[in-house]
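Values below: all heavy atoms of this structure, side chains included; hydrogens, waters and symmetry mates excluded. Naming convention: chains lettered A, B, ... in sequence-line order (proteins, then strands); numbering from 1 in each chain.
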There are 2 protein chains.
Amino acid sequence: MSQSIRTADIESFTRHCREHGMKITLQRVAIYRYLMESGAHPSTDDVFQALRDDFPGLSFDTINRTLMTFYQTGLIDIVESRTGVRRFDANMGSHSHMHCVSCGAMFDIDDPLPDHGCLPQADASGFELLGKNVVFRVICPTCRSSEGRSLREGSAWK
Amino acid sequence: MSQSIRTADIESFTRHCREHGMKITLQRVAIYRYLMESGAHPSTDDVFQALRDDFPGLSFDTINRTLMTFYQTGLIDIVESRTGVRRFDANMGSHSHMHCVSCGAMFDIDDPLPDHGCLPQADASGFELLGKNVVFRVICPTCRSSEGRSLREGSAWK
DNA sequence: TTTGTAATTAAGAATTACTCTTATTTAATT
DNA sequence: AATTAAATAAGAGTAATTCTTAATTACAAA
């Protein structure tokens with residue numbers, strides 16, 4: 001699952017920071033590098049746990065703030081949730097996920113989807129379009145097979 | 001904005017509950033009715049505030065649990081967020097919103113979007129498809145015009 | 001109708017996840 | 001090297017949601 005980060009990625013990261021007036025700190029590089037390498041959708045706490053050995057001083061708050069800054073400047077993405085833990089993603093390509101409404105699990109959709117249409121209001125109304133996320137509401141195979149059990153047993157999502 | 005709820009809606013609500021082994025309580029009817037009539041995207045607290053006069057004993061927790069049960073059985077939808085307040089929606093048609101990554105505001109897209117393609121993996125893999133949500137990542141007109149100001153000034157989203 | 005029982009509810013405590021405040025440190029510029 | 005705005009760490013604070021327990025209620029079966 002883990003991918004090695006390329007020099008080109010770091011170069012474009014550096015360029016992005018400069019363009020947005022963001023200082024290039026050791027912490028930011030470490031956080032971005034981890035997000036790129038993991039290839040997953042880690043939460044702030046996941047990143048915190050993963051980096052705490054190599055960066056003992058790095059705080060949860062700094063990681064969370066940094067990830068939000070990355071998102072707000074369009075460097076990374078947030079995987080939709082229905083509240084719960086916020087998950088980040090360095091893959092800025094077209095995103096599609098399935099969300100099991102029963103257990104809350106998020107599944108990646110491997111196959112690239114066909115184009116999902118354009119954004120009608122954007123140009124006319126002064127919105128700047130950065131990207132798009134698609135989430136399919138589903139019931140996953142596991143939940144389907146255990147259907148009939150009490151709803152209360154299905155605990156709240158993580 | 002408010003719409004009057006039809007008998008047919010209550011009938012299909014009743015049917016849905018029976019099909020999912022959910023008891024039809026006064027509280028559940030009141031909550032569903034409010035969601036249908038409001039036509040908006042209320043949070044749990046919005047529903048709580050709106051119903052507290054007519055139903056003094058109805059607790060926040062019951063409302064939240066009920067709305068989650070509705071969602072988990074496919075009766076209502078949750079409007080995507082990137083964490084913050086969870087918002088519910090009784091309109092189960094195709095949903096599209098714009099999310100300003102800078103200030104966190106969610107904008108409805110009025111025009112119905114063209115079809116967004118189908119779900120490639122669903123049938124083959126045993127997922128049951130309930131519906132689909134699309135979110136466009138944007139920078140809203142307000143944030144565009146105030147660009148250049150410090151990122152720190154842009155406080156966390158609500 | 002009455003009774004049995006599992007589902008539902010209310011209340012408040014607890015938890016989770018995130019955000020703010022303050023003092024200190026640092027990166028990039030001068 | 002000095003300057004300064006930005007970034008950081010630590011811990012406190014907050015918002016939102018969920019859990020626990022005991023009481024109540026809807027529905028089904030007798």
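Ring-centre distance between A:F127 and B:F107: below the 6.0 Å cut-off.
In this model, the phosphate group of C:dA10 is approached by a side-chain N or O of B:Q27 to a distance below 4.0 Å at OP1 or OP2. For C:dA17, neither phosphate oxygen OP1 nor OP2 lies less than 4.0 angstrom from any side-chain nitrogen or oxygen of A:R86. Distances shorter than 4.0 Å separate some side-chain N or O of A:S59 from OP1 or OP2 on D:dA9. A sub-4.0 Å separation between OP1 or OP2 of D:dA7 and a side-chain N or O of A:R65 is absent.
The side chain of B:T62 lies closest to C:dA10 when the candidates are D:dT17, C:dT8, C:dA10. For A:T66, taking side-chain heavy atoms from C-beta onward, the closest of the listed nucleotides D:dT17, D:dT8, C:dT9 is D:dT8.
Where B:T25 and B:D45 meet DNA chain D, the nucleotide closest to each residue was compared, and B:D45 sits on the side nearer the 5' end. Toward the 5' end of DNA chain D, the nearer of the two residues B:N64 and B:K23, judged by each one's closest nucleotide, is B:N64.
In this structure, the CD1 atom of A:I78 is 13 Å from the C1' atom of C:dA17, given to the nearest Å. For the pair B:M68 CE and C:dA7 P, the computed distance is 19 Å after rounding to whole Å. Rounded to a whole Å, the CG atom of A:L26 is 16 Å from the C1' atom of D:dA6. Protein atom CZ of A:F55 is 12 Å distant from nucleotide atom P of D:dT8, rounded to whole Å. The distance from atom CZ of A:R18 to atom C1' of D:dA6 is 15 Å, rounded to the nearest whole Å. Summarising the geometry, the separation between NE2 on B:H20 and P on C:dA7 is reported as 15 Å, rounded to the nearest angstrom. In this structure, A:L58 places its CG atom 12 Å from C1' of D:dA7, rounding to the nearest Å. If you measure from atom CD1 of B:I63 to atom P of D:dT17, you get 12 Å, rounded to the nearest angstrom.
With axes fitted over five pairs at each extremity, the angle between the ends of the helix from C:dT1-D:dA30 to C:dT30-D:dA1 is 50° (10° resolution).
Results of the ring-ring contact (aromatic ring centres under 6.0 Å, His included) test with B:F70 over B:F13, B:F88, B:Y34 single out B:F13 as the only residue that passes.
Closest approach of B:N133 to B:I78, counting heavy atoms only: ND2-O, 4.0 Å. What you find for A:V101 and B:Q72 is that their closest heavy atoms are O-CG, 3.0 Å. B:H20 approaches B:T73 most closely through the heavy-atom pair NE2-O, 3.6 Å.
Partners of A:R82 by salt bridge (charged side-chain N to carboxylate O under 4.0 Å, His left out), not counting sequence neighbours, listed by chain and number: B:E80. Annotation: side chain to side chain contact (heavy atoms under 4.5 Å, CB included) contacts of A:T14 (sequence neighbours excluded): A:I10, A:R18, A:I24.
Using a 4.0 Å heavy-atom distance criterion, B:S43 is classed as making no nucleic acid contact.
At a cut-off of 3.5 angstrom, counting only N and O atoms as typed in the model, there is a donor on one side and an acceptor on the other between the side-chain of A:D61 and the base of C:dC20.
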Determine, step by step, whether A:H41 and A:M106 satisfy the side-chain contact (heavy atoms from CB on, under 4.5 Å) criterion, reporting the C-alpha distance in whole Å, the side-chain angles of both residues, the deciding distance to 0.1 Å, and the verdict.
CA-CA 10 Å; A:H41 309 139; A:M106 270 292 178; 5.8 Å; no

